[in-house]
Amino acid sequence: MIKLRRIGHATFETPDLQRMIDYYTQVMGLVLAEREKDRAFLATAIGQLAVELNKGDAERCAVLSFEVAPDSDFGALARELDKDGVKSELRNDCVPGMGPALTFRDNKGTGIALFKQWSYLGRHLAHHGVGPLKLGHVAWVVDDPQKAADFYAKVLGFKVSDWIDDWFVFMRCNADHHTVNFVRGAHTKMHHIAFELKDFIHMQNACDLFGQRNIPILWGPVWHGPGHNIAIYHRNPDDQMIEFFCDLDRMLDEELGYFEPRPWHRDLPQRPKTWQSGDSSNIWGPPPLPDFHRALG
Ligand SMILES: [Fe+2]
(Lines give C-alpha, C1' and ligand atoms only; values in the text may rest on other atoms or scores of the structure.)
Protein backbone atom coordinates (compact mmCIF):
# COMPACT_ATOMS: atom_id res chain seq x y z
CA MET A 1 0.00 0.00 0.00
CA ILE A 2 1.37 3.41 -0.96
CA LYS A 3 1.45 5.81 1.98
CA LEU A 4 1.34 9.46 1.00
CA ARG A 5 2.69 11.92 3.56
CA ARG A 6 1.34 15.19 2.21
CA ILE A 7 0.29 17.00 -0.93
CA GLY A 8 3.19 18.78 -2.59
CA HIS A 9 2.08 21.11 -5.35
CA ALA A 10 -0.50 21.49 -8.09
CA THR A 11 0.37 22.07 -11.74
CA PHE A 12 -2.00 24.26 -13.74
CA GLU A 13 -2.12 24.95 -17.43
CA THR A 14 -3.16 28.49 -18.28
CA PRO A 15 -3.67 30.44 -21.50
CA ASP A 16 -2.28 33.62 -19.91
CA LEU A 17 0.82 32.77 -17.92
CA GLN A 18 1.71 36.33 -16.90
CA ARG A 19 -1.83 37.09 -15.71
CA MET A 20 -1.75 34.05 -13.43
CA ILE A 21 1.75 34.86 -12.16
CA ASP A 22 0.43 38.32 -11.28
CA TYR A 23 -2.53 36.76 -9.44
CA TYR A 24 -0.45 34.26 -7.49
CA THR A 25 2.16 36.83 -6.49
CA GLN A 26 -0.05 39.89 -5.89
CA VAL A 27 -3.30 38.38 -4.53
CA MET A 28 -2.55 34.84 -3.35
CA GLY A 29 0.75 35.93 -1.87
CA LEU A 30 3.04 33.23 -3.17
CA VAL A 31 6.58 34.00 -4.27
CA LEU A 32 7.84 33.55 -7.83
CA ALA A 33 10.66 31.08 -7.19
CA GLU A 34 11.65 30.32 -10.77
CA ARG A 35 10.51 31.45 -14.20
CA GLU A 36 11.09 29.84 -17.56
CA LYS A 37 9.65 30.97 -20.89
CA ASP A 38 6.44 28.95 -20.59
CA ARG A 39 6.61 27.81 -16.96
CA ALA A 40 6.61 29.40 -13.52
CA PHE A 41 7.10 27.96 -10.06
CA LEU A 42 5.46 29.60 -7.06
CA ALA A 43 6.33 28.88 -3.46
CA THR A 44 4.99 29.90 -0.08
CA ALA A 45 6.94 32.57 1.78
CA ILE A 46 8.80 29.84 3.66
CA GLY A 47 9.91 28.37 0.34
CA GLN A 48 7.71 25.30 -0.16
CA LEU A 49 6.69 24.82 -3.77
CA ALA A 50 2.89 25.12 -3.99
CA VAL A 51 1.96 25.88 -7.61
CA GLU A 52 3.49 25.25 -11.04
CA LEU A 53 2.04 27.18 -13.97
CA ASN A 54 2.48 25.97 -17.55
CA LYS A 55 1.32 27.84 -20.61
CA GLY A 56 -1.47 25.90 -22.30
CA ASP A 57 -4.51 26.28 -24.51
CA ALA A 58 -7.04 26.25 -21.67
CA GLU A 59 -7.10 26.38 -17.90
CA ARG A 60 -6.91 23.04 -16.13
CA CYS A 61 -5.30 21.33 -13.19
CA ALA A 62 -2.96 18.83 -14.85
CA VAL A 63 -0.86 17.29 -12.08
CA LEU A 64 -0.83 16.89 -8.30
CA SER A 65 2.33 15.88 -6.49
CA PHE A 66 2.52 14.00 -3.21
CA GLU A 67 5.46 13.35 -0.92
CA VAL A 68 6.25 9.77 0.11
CA ALA A 69 8.68 8.61 2.79
CA PRO A 70 12.33 9.45 2.10
CA ASP A 71 13.35 5.77 2.12
CA SER A 72 10.65 4.79 -0.39
CA ASP A 73 11.74 2.44 -3.18
CA PHE A 74 10.28 3.77 -6.41
CA GLY A 75 10.72 0.34 -8.01
CA ALA A 76 8.61 -1.28 -5.29
CA LEU A 77 5.99 1.49 -5.57
CA ALA A 78 5.86 1.01 -9.35
CA ARG A 79 5.24 -2.72 -8.85
CA GLU A 80 2.42 -1.96 -6.39
CA LEU A 81 0.85 0.41 -8.90
CA ASP A 82 1.22 -2.20 -11.60
CA LYS A 83 -0.71 -4.71 -9.47
CA ASP A 84 -3.56 -2.20 -9.42
CA GLY A 85 -3.36 -1.87 -13.20
CA VAL A 86 -1.65 1.55 -13.09
CA LYS A 87 1.37 2.08 -15.35
CA SER A 88 3.98 4.49 -14.00
CA GLU A 89 7.14 6.17 -15.22
CA LEU A 90 10.13 7.44 -13.25
CA ARG A 91 11.03 10.94 -14.40
CA ASN A 92 13.98 13.16 -13.61
CA ASP A 93 12.78 16.30 -15.33
CA CYS A 94 10.28 17.41 -12.74
CA VAL A 95 10.54 20.74 -10.95
CA PRO A 96 13.16 22.89 -9.23
CA GLY A 97 14.32 21.50 -5.93
CA MET A 98 12.57 18.17 -6.42
CA GLY A 99 14.32 14.87 -7.03
CA PRO A 100 13.03 12.13 -9.33
CA ALA A 101 9.28 11.54 -9.35
CA LEU A 102 7.22 8.44 -10.03
CA THR A 103 4.49 9.65 -12.37
CA PHE A 104 1.18 8.12 -13.48
CA ARG A 105 -2.47 9.05 -14.03
CA ASP A 106 -5.40 8.65 -11.67
CA ASN A 107 -8.75 7.20 -12.78
CA LYS A 108 -9.92 10.53 -14.25
CA GLY A 109 -6.67 11.23 -16.12
CA THR A 110 -5.07 13.72 -13.74
CA GLY A 111 -1.30 13.35 -13.49
CA ILE A 112 0.07 12.19 -10.15
CA ALA A 113 3.75 12.64 -9.23
CA LEU A 114 5.20 10.94 -6.15
CA PHE A 115 8.43 12.48 -4.85
CA LYS A 116 10.69 11.83 -1.87
CA GLN A 117 13.41 14.48 -2.12
CA TRP A 118 12.86 18.22 -2.17
CA SER A 119 14.42 21.44 -0.99
CA TYR A 120 13.09 24.84 -0.03
CA LEU A 121 13.00 27.42 -2.82
CA GLY A 122 14.10 30.29 -0.62
CA ARG A 123 13.65 31.08 3.05
CA HIS A 124 11.20 33.50 4.64
CA LEU A 125 10.88 35.52 1.47
CA ALA A 126 9.01 38.82 1.29
CA HIS A 127 5.57 38.44 -0.25
CA HIS A 128 2.59 40.55 -1.23
CA GLY A 129 -1.04 39.53 -0.96
CA VAL A 130 -2.52 36.96 1.40
CA GLY A 131 0.45 34.63 1.93
CA PRO A 132 -0.99 31.19 2.76
CA LEU A 133 0.88 28.69 4.91
CA LYS A 134 0.54 25.78 2.51
CA LEU A 135 -1.46 24.09 -0.21
CA GLY A 136 -4.18 22.23 1.67
CA HIS A 137 -6.51 20.30 -0.59
CA VAL A 138 -7.94 19.94 -4.07
CA ALA A 139 -11.60 19.18 -4.79
CA TRP A 140 -12.81 17.62 -8.04
CA VAL A 141 -16.15 17.39 -9.78
CA VAL A 142 -16.63 13.80 -10.96
CA ASP A 143 -19.59 11.80 -12.23
CA ASP A 144 -19.13 9.08 -9.60
CA PRO A 145 -17.58 10.16 -6.27
CA GLN A 146 -17.67 6.58 -4.93
CA LYS A 147 -15.60 5.36 -7.87
CA ALA A 148 -13.04 8.13 -7.39
CA ALA A 149 -12.93 7.44 -3.64
CA ASP A 150 -12.36 3.74 -4.31
CA PHE A 151 -9.40 4.51 -6.60
CA TYR A 152 -7.81 6.96 -4.17
CA ALA A 153 -8.29 4.51 -1.28
CA LYS A 154 -7.04 1.40 -3.08
CA VAL A 155 -4.20 2.86 -5.12
CA LEU A 156 -3.04 5.83 -3.04
CA GLY A 157 -4.02 4.77 0.47
CA PHE A 158 -6.44 7.62 1.21
CA LYS A 159 -9.02 7.19 3.97
CA VAL A 160 -12.56 8.53 3.96
CA SER A 161 -12.99 11.31 6.55
CA ASP A 162 -16.62 12.23 5.84
CA TRP A 163 -19.37 12.08 3.28
CA ILE A 164 -22.20 14.55 2.73
CA ASP A 165 -25.09 12.28 1.72
CA ASP A 166 -23.72 10.27 -1.22
CA TRP A 167 -22.55 13.18 -3.36
CA PHE A 168 -19.51 14.69 -1.59
CA VAL A 169 -16.61 12.73 -0.08
CA PHE A 170 -13.67 14.11 1.95
CA MET A 171 -10.47 12.01 2.03
CA ARG A 172 -7.26 12.26 4.06
CA CYS A 173 -3.70 10.99 3.55
CA ASN A 174 -2.29 12.39 6.80
CA ALA A 175 -3.65 14.08 9.93
CA ASP A 176 -5.46 16.80 7.95
CA HIS A 177 -9.19 16.06 7.64
CA HIS A 178 -9.05 16.23 3.85
CA THR A 179 -6.47 16.55 1.10
CA VAL A 180 -8.72 15.52 -1.80
CA ASN A 181 -12.50 15.80 -2.20
CA PHE A 182 -14.83 14.45 -4.85
CA VAL A 183 -18.24 15.98 -5.52
CA ARG A 184 -20.80 14.70 -7.99
CA GLY A 185 -21.38 16.93 -11.01
CA ALA A 186 -21.96 17.01 -14.73
CA HIS A 187 -18.41 17.54 -16.01
CA THR A 188 -15.18 16.13 -14.59
CA LYS A 189 -12.89 19.03 -13.65
CA MET A 190 -11.32 20.69 -10.65
CA HIS A 191 -13.94 22.17 -8.33
CA HIS A 192 -11.64 24.22 -6.11
CA ILE A 193 -8.15 24.33 -4.69
CA ALA A 194 -7.60 25.33 -1.09
CA PHE A 195 -4.77 27.03 0.76
CA GLU A 196 -4.38 27.10 4.52
CA LEU A 197 -4.19 30.38 6.42
CA LYS A 198 -2.77 30.81 9.90
CA ASP A 199 -5.94 31.81 11.72
CA PHE A 200 -9.16 33.80 11.51
CA ILE A 201 -7.31 37.14 11.68
CA HIS A 202 -5.29 36.07 8.66
CA MET A 203 -8.60 35.32 6.95
CA GLN A 204 -9.94 38.76 7.88
CA ASN A 205 -6.86 40.28 6.26
CA ALA A 206 -7.61 38.26 3.13
CA CYS A 207 -11.18 39.62 3.13
CA ASP A 208 -9.79 43.17 3.47
CA LEU A 209 -7.55 42.57 0.46
CA PHE A 210 -10.49 41.25 -1.58
CA GLY A 211 -12.47 44.34 -0.61
CA GLN A 212 -9.68 46.66 -1.70
CA ARG A 213 -9.33 44.86 -5.03
CA ASN A 214 -13.07 44.35 -5.67
CA ILE A 215 -12.69 40.56 -5.76
CA PRO A 216 -16.08 39.03 -4.91
CA ILE A 217 -16.18 36.58 -2.02
CA LEU A 218 -18.42 33.82 -3.40
CA TRP A 219 -18.99 32.17 -0.06
CA GLY A 220 -18.03 32.89 3.49
CA PRO A 221 -16.64 33.34 5.93
CA VAL A 222 -18.51 30.11 6.61
CA TRP A 223 -17.87 27.45 9.22
CA HIS A 224 -18.16 24.07 7.56
CA GLY A 225 -19.41 20.97 9.37
CA PRO A 226 -17.25 18.26 7.73
CA GLY A 227 -13.67 19.22 8.67
CA HIS A 228 -14.86 22.17 10.78
CA ASN A 229 -12.74 24.54 8.72
CA ILE A 230 -13.63 28.20 8.44
CA ALA A 231 -13.50 29.10 4.75
CA ILE A 232 -13.84 31.84 2.14
CA TYR A 233 -14.02 31.27 -1.61
CA HIS A 234 -13.19 33.45 -4.61
CA ARG A 235 -12.29 32.95 -8.26
CA ASN A 236 -8.89 33.61 -9.81
CA PRO A 237 -8.43 35.17 -13.28
CA ASP A 238 -8.71 31.71 -14.91
CA ASP A 239 -12.17 31.37 -13.31
CA GLN A 240 -10.94 28.64 -10.96
CA MET A 241 -12.42 28.59 -7.48
CA ILE A 242 -9.94 29.17 -4.68
CA GLU A 243 -10.61 28.49 -1.00
CA PHE A 244 -8.76 29.93 1.95
CA PHE A 245 -9.33 28.01 5.16
CA CYS A 246 -8.16 27.78 8.75
CA ASP A 247 -8.83 25.57 11.79
CA LEU A 248 -9.26 22.33 9.81
CA ASP A 249 -9.90 19.18 11.87
CA ARG A 250 -6.91 16.89 12.36
CA MET A 251 -6.86 13.18 13.19
CA LEU A 252 -3.64 12.89 15.14
CA ASP A 253 -4.03 9.19 15.95
CA GLU A 254 -5.55 6.92 13.33
CA GLU A 255 -6.01 4.09 15.83
CA LEU A 256 -8.08 6.28 18.12
CA GLY A 257 -10.13 7.18 15.08
CA TYR A 258 -11.44 10.59 16.12
CA PHE A 259 -10.45 14.08 15.18
CA GLU A 260 -8.44 16.15 17.65
CA PRO A 261 -10.84 17.31 20.35
CA ARG A 262 -12.17 20.82 19.85
CA PRO A 263 -14.88 22.52 21.84
CA TRP A 264 -16.97 23.26 18.79
CA HIS A 265 -17.33 19.76 17.41
CA ARG A 266 -20.87 18.75 16.56
CA ASP A 267 -20.27 15.18 17.80
CA LEU A 268 -18.17 14.31 20.85
CA PRO A 269 -15.95 12.65 19.84
CA GLN A 270 -15.99 13.70 16.18
CA ARG A 271 -15.48 10.58 14.07
CA PRO A 272 -15.76 10.10 10.31
CA LYS A 273 -19.45 9.96 9.36
CA THR A 274 -22.03 10.84 6.76
CA TRP A 275 -23.41 14.36 7.17
CA GLN A 276 -26.81 15.35 5.86
CA SER A 277 -27.12 18.13 3.28
CA GLY A 278 -28.68 21.35 4.40
CA ASP A 279 -29.03 21.12 8.15
CA SER A 280 -25.71 20.43 9.82
CA SER A 281 -23.20 20.38 6.97
CA ASN A 282 -22.44 24.04 7.72
CA ILE A 283 -22.47 25.39 11.27
CA TRP A 284 -22.76 29.14 10.63
CA GLY A 285 -22.28 31.68 7.90
CA PRO A 286 -24.22 32.93 4.91
CA PRO A 287 -25.26 30.68 2.03
CA PRO A 288 -23.01 30.77 -1.05
CA LEU A 289 -23.69 33.19 -3.90
CA PRO A 290 -25.36 31.42 -6.86
CA ASP A 291 -22.10 31.66 -8.82
CA PHE A 292 -20.46 29.28 -6.33
CA HIS A 293 -22.54 26.39 -7.70
CA ARG A 294 -21.62 27.04 -11.34
CA ALA A 295 -18.81 24.48 -11.17
CA LEU A 296 -21.31 21.66 -10.65
CA GLY A 297 -23.37 22.52 -13.72
FE1 LIG B 1 -12.44 22.86 0.30
Please check this pair: side chain of [X] against backbone of [Y], looking for a donor-acceptor N/O pair closer than 3.5 Å.
X: R235; Y: D291; answer: yes
X: D253; Y: E255; answer: yes
X: R250; Y: H177; answer: no

Members besides [X] in its Ile/Leu/Val/Met/Phe/Trp/Tyr cluster (side-chain heavy atoms under 4.5 Å):
X: F245; answer: L248
X: I46; answer: F41, L49, V95, M98, F115, W118, Y120, L121
X: M251; answer: F259
X: Y258; answer: L256

Mind listing the closest non-hydrogen atom pair of [X] and [Y] along with its distance?
X: M171; Y: A149; answer: CE-O, 3.4 Å
X: P221; Y: I230; answer: CB-CG2, 4.4 Å
X: G129; Y: L209; answer: CA-CD1, 3.6 Å
X: A113; Y: A101; answer: CB-CB, 4.2 Å
X: L135; Y: A10; answer: CD2-N, 3.8 Å
X: H178; Y: N229; answer: CE1-OD1, 4.1 Å

Are the side chains of [Y] and [X] in contact, using a 4.5 Å heavy-atom criterion?
X: W223; Y: D247; result: no
X: Y152; Y: F182; result: yes
X: L218; Y: P288; result: no
X: C61; Y: Q240; result: no
X: T103; Y: I112; result: no
X: F12; Y: V63; result: no
X: V51; Y: H9; result: no
X: P226; Y: K273; result: no

For this session: Take H191 and N181 through the side chain to side chain contact (heavy atoms under 4.5 Å, CB included) test and state the conclusion after the steps.
Result: CA-CA 9 Å; H191 183 271; N181 304 339; over 6 Å; no
Side-chain donor-acceptor distances from residues 139-148 under 3.5 Å, at least two apart:
unit_1 : atom_1 : unit_2 : atom_2 : d
D144   : OD1    : Q146   : N      : 3.2
D144   : OD1    : K147   : N      : 3.2
Q146   : NE2    : D150   : OD1    : 2.9

For this session: Using the ring of F74 (Phe, Tyr or Trp, six-membered ring only), decide whether K116 places NZ or CZ under 6.0 Å from its centre and within 45 degrees of its axis.
Result: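 Pair K116/F74 counts as cation-pi.
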Straight-line distance of [X] [atom1] to [Y] [atom2], nearest 0.5 Å:
X: R262; Y: L268; atom1: CZ; atom2: CG; answer: 13.0 Å
X: D162; Y: R172; atom1: CG; atom2: CZ; answer: 9.0 Å
X: R184; Y: I164; atom1: CZ; atom2: CD1; answer: 12.5 Å
X: T110; Y: L64; atom1: OG1; atom2: CG; answer: 6.5 Å
X: F66; Y: T179; atom1: CZ; atom2: OG1; answer: 7.0 Å
X: F200; Y: C207; atom1: CZ; atom2: SG; answer: 7.0 Å

Are [X] and [Y] grouped together when hydrophobic residues (ILVMFWY) are joined by side-chain heavy atoms under 4.5 angstrom apart?
X: F195; Y: M241; result: no
X: I7; Y: L53; result: yes
X: V222; Y: I215; result: no

Taking the ring centre of each residue, are [X] and [Y] less than 6.0 Å apart?
X: H224; Y: W219; result: yes
X: H137; Y: H192; result: yes
X: F292; Y: Y233; result: yes

Problem set entry | side-chain hydrogen bond (donor to acceptor under 3.5 Å, both in side chains) partners of H234, counting only residues at least two apart |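 If we apply the side-chain hydrogen bond (donor to acceptor under 3.5 Å, both in side chains) test to H234, skipping adjacent residues, the hits are Y23.
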Problem set entry | Residues forming a side-chain hydrogen bond (donor to acceptor under 3.5 Å, both in side chains) with W167, sequence neighbours excluded |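 Scan of W167 (side-chain hydrogen bond (donor to acceptor under 3.5 Å, both in side chains), adjacent residues dropped) gives D165, S277.
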Report, one line per pair, each donor and acceptor closer than 3.5 Å where one atom sits in a side chain of residues 24-35; sequence neighbours left out.
unit_1 : atom_1 : unit_2 : atom_2 : d
T25    : OG1    : I21    : O      : 2.7
T25    : OG1    : D22    : O      : 3.4
R35    : NH1    : Q18    : OE1    : 3.0

For this session: Quick one: which residue pairs count as a side chain to side chain donor-acceptor pair (under 3.5 Å) with a foot in residues 209-218, not counting sequence neighbours?
Result: none
For this session: Let me see the working for L133 and L197 under side chain to side chain contact (heavy atoms under 4.5 Å, CB included), right down to the final yes or no.
Result: CA-CA 6 Å; L133 301 182; L197 303 188; 5.9 Å; no
For this session: Could you walk me through whether E260 and D249 pass side chain to side chain contact (heavy atoms under 4.5 Å, CB included), step by step?
Result: CA-CA 7 Å; E260 183 183 17; D249 275 346; over 6 Å; no
Keeping to residues at least two apart or across chains, list the salt bridge (Lys or Arg N to Asp or Glu O under 4.0 Å) pairs with something in [range].
range: residues 67-81; answer: R6-E67
range: residues 100-110; answer: D106-K108
range: residues 186-211; answer: E59-K189, K134-E196

For this session: Decide if atom CG of D38 counts as having more than 12 heavy atoms of other residues, nucleotides or ligands within a radius under 6.0 Å.
Result: yes
For this session: Let me see the working for I232 and E243 under side chain to side chain contact (heavy atoms under 4.5 Å, CB included), right down to the final yes or no.
Result: CA-CA 6 Å; I232 55 173; E243 174 188 350; over 6 Å; no
For this session: Answer yes or no: is there an ion pair linking K55 with D16, defined by an N-O contact shorter than 4.0 Å?
Result: no
Exercise. Are K87 and D82 within salt-bridge range, i.e. N to O under 4.0 Å?
Worked result: yes
